[in-house]
Asks: 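To start, I am sharing the structure in question, which I have written as structure tokens.
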Amino acid sequence: MTSGCSIVWFRRDLRVEDNPALAAGVRSGKVLAVFIWAPEEEGHYYPGRVSRWWLKQSLSLLNSSLQNLGTTLITKRSTDSVSSLLDVIKSTGATQLFFNHLYDPISLVRDHRAKEVLTENGIAVRSFNADLLYEPWEVLDDEGRPFVTFSSFWDRCLKMPYDPQPPQLPPKRIISGDLSRCPSDTLVFENDSERGSNALLARAWSPGWSNANKALTTFINGPLLDYSPNRKKADSATTSFLSPHLHFGEVSVRKVFHQARTKQILWANEGNKAGEESVNLFLKSIGLREYSRYMSFNHPYSHERPLLGHLKFFPWVVDENYFKAWRQGRTGYPLVDAGMRELWATGWLHDRIRVVVSSFFVKVLQLPWRWGMKYFWDTLLDADLESDALGWQYISGTLPDSRELDRIDNPQIDGYSFDPNGEYVRRWLPELARLPTEWIHHPWNAPEYVLQAAGIELGSNYPLPIVTINAAKARLQEALTHMWQQEANSRAIIENGTEEGLGDSSEDPPIAFPQDMQMELDQEIVRNRTIRHYEDQMVPSLTTSLFRVEEDEEESSSDNRNLAHDNGRAEVPNDVLNRELLREPVRREDFGAQSVLPQFNIQIALRNSDDSPAESSSGPTSRRERDGGVVPVWSPANSSYSEDNSYLQRYPQINWRQLSQTG
DNA sequence: CAATTCTTGAA
DNA sequence: TCAAGAATT
């Protein structure tokens with residue numbers, strides 16, 4: 001085979017501009033652009049309907065751009081990306097693979113495996129940073145350790161001794177490898193029942209990298225100036241609307257950063273303080289996205305467990321009716337309900353409202369936060385595991401710089417500050433449309449004649465509050481007391497040396513998932529059925545494809561726990577392993593300043609891969625294993641709450657207990 | 001003018 | 001809750 005035919009493996013970098021992997025491929029000669037659709041690899045995080053809709057559009061636009069440049073996107077349907085890469089390599093004789101880094105736990109493991117397996121097969125593999133201003137391992141404190149609060153992290157990012165890579169132009173031309181030897185699979189992203197709902201999306205959104213650039217330009221030259229004063233408004237089009245574009249890598253975050261910074265300098269020179277401040281705030285939200293990758297890299301389990309270990313003892317309320325009421329927008333709190341209706345209808349929510357609904361979910365309903373996160377994952381157009389995990393952890397009080405654990409936001413008060421005239425509520429809750437502003441955020445206080453005039457019958461066509469704020473406060477206090485008590489008990493056990501560690505919540509029987517997560521707006525919401533569960537939560541399933549996967553699994557109820565861990569709920573290398581990772585010097589590729597992911601120096605992580613010893617034989621055979629094994633098997637040995645403790649102990653200067661305990 | 005109360009917003 | 005800044009006395 002001739003040298004120089006390389007594969008550019010597209011994933012969440014669906015752009016031709018400022019795409020280092022593509023640029024490297026083009027530089028090295030003939031290019032085959034490949035996209036592999038292997039959603040089963042994501043386990044529970046099988047992409048939701050709207051997210052798949054976006055991906056479909058985005059790929060089709062990427063393909064037209066590639067065709068203009070001289071090649072065609074090869075698409076493959078797979079359950080194992082790495083074997084599909086090998087197949088493509090074998091059929092085309094490619095000698096090199098280029099791809100851009102991802103930082104979610106599943107990708108970290110999968111990409112590492114790809115590197116190992118392909119290198120063994122004589123393929124030169126190179127990977128690049130295309131998703132971040134700085135790689136996670138570049139941003140460290142003075143002792144060389146990762147930051148644990150966002151503001152310290154972001155301060156350092158803004159003061160790094162070198163600037164982020166400037167964005168690169170798209171290639172002028174791509175010399176295509178031999179496409180005839182590698183036919184594409186037709187990828188199916190939606191089923192018939194989804195198609196109808198998706199049709200509406202196209203009215204509001206234009207996926208694809210060139211549209212992403214348009215959205216960026218529109219934002220930089222328009223709403224950016226007033227980003228700061230407008231950030232409180234739930235209802236106006238004042239955000240950048242870049243998040244889904246950024247999720248799929250349709251626009252490079254460095255380009256966004258450079259353009260915003262350029263504007264900022266311009267405004268600073270004009271003495272435009274407000275504009276300068278707006279850019280700071282906008283960049284901060286870009287910074288949060290960076291931080292979510294940073295967290296995911298440094299704490300790969302953060303999408304499924306609280307970072308602060310004591311949350312393990314929080315007695316979540318497991319009530320499917322609560323959960324359903326929240327999803328349907330029938331909690332009786334207009335701002336929350338409006339948000340949930342908008343989310344369902346459009347796949348979109350303003351950041352403020354995301355905070356309102358998720359805070360309500362965790363603090364008022366006290367439902368397990370991972371359920372809420374999973375629902376966001378299934379319904380958001382910009383669903384992003386790293387960002388959403390960070391957001392939910394922030395709301396749940398499980399990060400050192402989270403909101404206070406005992407803080408309950410009041411949707412009534414938030415309502416009057418984010419939606420002072422009630423327009424947002426009226427738009428999404430037509431049943432309240434005729435209620436005067438005075439009562440729009442607390443209809444339960446409205447006099448009977450007002451309700452009558454507005455055509456509202458509380459408890460009938462609009463619900464009474466599912467839980468009162470006062471009841472929620474009392475219940476939260478009780479739960480926190482319980483949590484700290486349990487935590488102290490557990491600490492005492494460790495100090496007595498009777499047990500190895502804090503144990504793991506997965507030893508307990510898991511909380512069953514709600515089976516029915518469909519929208520049934522007319523279903524009566526049953527109240528007074530509050531059951532407390534003192535165990536860790538499992539993620540509920542939503543998509544039909546997930547149901548299918550689970551039904552495949554024959555399991556007795558005693559196998560449930562293993563199911564949770566082996567079947568797709570990918571467990572990842574833990575903190576220790578990653579710190580191991582960080583200790584390694586960052587390697588640089590010879591051909592430039594692009595850094596590569598440090599080698600995963602771990603055996604456990606890949607225990608399940610083809611070439612590893614049959615260590616996993618002890619567990620029940622899981623779908624993962626049958627599929628060839630992509631994701632590491634979770635085991636208490638490599639992932640436990642004692643890790644979370646070490647997270648705390650590394651920062652003794654912070655009084656952790658006080659930070660999140662009630663005063 | 002400084003002291004003190006109020007308001008706002010928080011990754 | 002609490003710190004910072006605005007407003008008030």
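A note on names: the letters A, B, ... follow the listed sequences, proteins ahead of strands, and every chain is numbered from 1. Quantities reported herein were computed from a predicted structural model and do not represent experimental measurements.
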Asks: With sequence neighbours excluded, give me every ring-ring contact (aromatic ring centres under 6.0 Å, His included) pair touching residues 252-286 of chain A.
Replies: A/Phe219-A/Phe282, A/Tyr227-A/Phe282

Asks: Using the ring of A/Phe323 (Phe, Tyr or Trp, six-membered ring only), decide whether A/Arg327 places NZ or CZ under 6.0 Å from its centre and within 45 degrees of its axis.
Replies: yes

Asks: Output all residues satisfying salt bridge (Lys or Arg N to Asp or Glu O under 4.0 Å) with A/Glu143, sequence neighbours left out; order by chain, then residue number.
Replies: A/Arg145

Asks: Restricting to pairs with a member in residues 347-366 of chain A, which pass salt bridge (Lys or Arg N to Asp or Glu O under 4.0 Å), not counting sequence neighbours?
Replies: A/Arg354-A/Asp382

Asks: Is A/Asp414 touching bases, backbone alone, or none of the nucleic acid, heavy atoms closer than 4.0 Å?
Replies: nothing

Asks: Between A/Tyr394 and A/Trp392 (judged by ring centroids, cut-off 6.0 Å), do the two rings come close enough to count as a pair?
Replies: no

Asks: Which of these, A/Val467, A/Val356, A/Ile469, sits in a side chain to side chain contact (heavy atoms under 4.5 Å, CB included) with A/Tyr333?
Replies: A/Ile469

Asks: May I have the step-by-step check of ring pair (Phe, Tyr, Trp, His ring centres under 6.0 Å) for A/Trp205 and A/Phe241, ending in yes or no?
Replies: CA-CA 9 Å; A/Trp205 297 94; A/Phe241 294 110; 5.8 Å; yes

Asks: Each nucleotide N or O in nucleotides 4-7 of chain C that has a protein N or O under 3.5 Å away: list the pair and distance.
Replies:
none

Asks: Determine the contact category for A/Arg289: base if any of its heavy atoms lies under 4.0 Å from a base atom, sugar-phosphate if only primed atoms, P, OP1 or OP2 are that close, otherwise nothing.
Replies: nothing

Asks: Of all residues at least two apart in sequence or in a different chain, which pass the salt bridge (Lys or Arg N to Asp or Glu O under 4.0 Å) check with A/Asp337?
Replies: none

Asks: For A/Arg403 and C/dC2, what is the distance between atoms CZ and P respectively, to the nearest whole Å?
Replies: 16 Å

Asks: Need two values: the first and the last nucleotide of DNA chain B, 5' to 3', having an atom under 4.0 Å from any heavy-atom of chain A.
Replies: B/dG9 to B/dA11

